[in-house]
Amino acid sequence: MAVQHPQVTIQDTERHRLFSSYVDQEYNILVALPPGYADSDKTYPTLYTTDGDLIFGGLAQIARLVAFGKTIPQLVVVGIGYPVHWTKTSPYRERDYIPEGWRQDHPSGRAENFLRFVCEELIPWVETGYRVDPKDRCYIGDSLGGLLGLYALLTHPETFSR
């Protein structure tokens, strides 16, 4: 018999679900607020990351630690994830992070639809619901998420300042 333990959460972190009409997909949106967010009226830069199901927790805590050391400013960290266990996200990642026609063996890439979700649905949702600076957005992604970042830089350079 397996012992059940209570789930752990990351302090000052929220989890939301946001449906994209561009992708026809519901996403898990994870938001980590900086220390003191609730007690201030300050606006913050935003760090967006894909693969939120896998890297959000570590990234949010590293961002807080580095900001504590004054190396970077305090950030609102937004993770974009899927409503499945992270080990089952490959088909979604390939659909969302690979540009159409980029690989002949994988013609189903629809990165443009995913970027429309990010630009036209997610970012406005974040900027309406949180005190963030719309002129100071950053993106980080690894592996296929890095490919998506390059695609965003080349096709939607106004979306992220870093």
Side-chain angles (χ1 to χ4, degrees), residues 8-20 22-23 25-86 89-90 92-99 110-162:
V8 176
T9 58
I10 301 169
Q11 188 174 6
D12 297 320
T13 298
E14 303 171 357
R15 180 180 176 169
H16 304 273
R17 294 198 182 249
L18 186 61
F19 183 81
S20 170
Y22 293 108
V23 185
Q25 171 74 53
E26 184 176 70
Y27 291 92
N28 286 332
I29 306 300
L30 305 160
V31 180
L33 301 172
Y37 179 90
D39 300 323
S40 79
D41 58 359
K42 181 181 172 187
T43 59
Y44 297 89
T46 312
L47 173 61
Y48 290 85
T49 186
T50 45
D51 295 315
D53 307 293
L54 183 58
I55 67 171
F56 172 81
L59 181 62
Q61 293 299 80
I62 289 169
R64 289 173 175 168
L65 179 62
V66 176
F68 180 74
K70 310 265 190 248
T71 304
I72 64 170
Q74 290 184 322
L75 307 169
V76 171
V77 180
V78 178
I80 308 165
Y82 298 99
V84 297
H85 191 272
W86 69 268
T89 60
S90 283
Y92 301 100
R93 295 175 76 252
E94 291 173 4
R95 176 196 65 198
D96 290 348
Y97 304 168
I98 297 175
R110 295 189 308 224
E112 184 59 34
N113 291 352
F114 182 76
L115 279 178
R116 288 184 72 193
F117 157 65
V118 170
C119 295
E120 298 177 34
E121 295 172 327
L122 176 61
I123 289 174
W125 180 84
V126 169
E127 292 179 356
T128 299
Y130 296 94
R131 290 188 322 275
V132 296
D133 182 352
K135 295 179 186 141
D136 198 353
R137 291 186 216 119
C138 180
Y139 171 78
I140 188 169
D142 68 297
S143 190
L144 286 179
L147 173 63
L148 177 72
L150 179 60
Y151 181 72
L153 176 67
L154 295 173
T155 62
H156 298 272
E158 70 288 348
T159 304
F160 300 103
S161 56
R162 295 177 245 195

Worked check of side chain to side chain contact (heavy atoms under 4.5 Å, CB included) between Leu47 and Ile140
CA-CA 7 Å; Leu47 173 61; Ile140 188 169; 3.8 Å; yes

Stepwise side chain to side chain donor-acceptor pair (under 3.5 Å) check, Tyr22 with Glu120
CA-CA 9 Å; Tyr22 293 108; Glu120 298 177 34; 2.3 Å; yes

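Remark: Phe19 CZ is packed, more than 12 non-hydrogen atoms of other residues, nucleotides or ligands lying under 6.0 Å away. At most 12 non-hydrogen atoms from other residues, nucleotides or ligands lie less than 6.0 angstrom from CD of Gln11.
Under the rule for a ring-ring contact (aromatic ring centres under 6.0 Å, His included), the partners of Tyr92 that lie at least two apart in sequence or sit in another chain are Tyr82.
Separating the OH atom in Tyr151 from the CD1 atom in Ile98 is a distance of 12.5 Å, to the nearest 0.5 Å. Once rounded to the nearest 0.5 Å, the distance linking CD of Gln25 with CG of Leu18 reads 11.0 Å. Rounded to the nearest 0.5 Å, atoms CZ (Arg15) and CG (Asn28) are 4.0 Å apart.
Checking each of Thr46, Thr159, Val78, Val132 against Ile123 for a side chain to side chain contact (heavy atoms under 4.5 Å, CB included) leaves exactly one that passes, namely Thr159. Considering Asp12, Leu75, Leu59 as possible partners of Arg64, the one that fulfils the side chain to side chain contact (heavy atoms under 4.5 Å, CB included) test is Asp12.
Inter-residue side-chain proximity for Val76 and Pro34 is flagged as met; some heavy-atom pair is nearer than 4.5 Å. Between Gln74 and Pro35, some side-chain heavy-atom pair lies under the 4.5 Å cut-off. With a 4.5 Å cut-off on side-chain heavy atoms, Leu33 and Tyr130 count as touching. Phe114 is listed as a side-chain neighbour of Tyr27, based on a closest heavy-atom distance under 4.5 Å. Side-chain contact between His156 and Glu112: present, with at least one pair of heavy atoms (C-beta onward) separated by less than 4.5 Å. Contact of the Ile29 side chain with the Leu122 side chain is registered, since non-hydrogen atoms from C-beta on lie closer than 4.5 Å. Under the 4.5 Å side-chain criterion, counting only non-hydrogen atoms from C-beta, Val23 is in contact with Arg95.
Not a single donor-acceptor pair under 3.5 Å links the side chain of Tyr97 to the backbone N or O of Ser143. Within the 3.5 Å criterion, the main-chain N or O of Arg137 finds a donor-acceptor partner in the side chain of Ser161.
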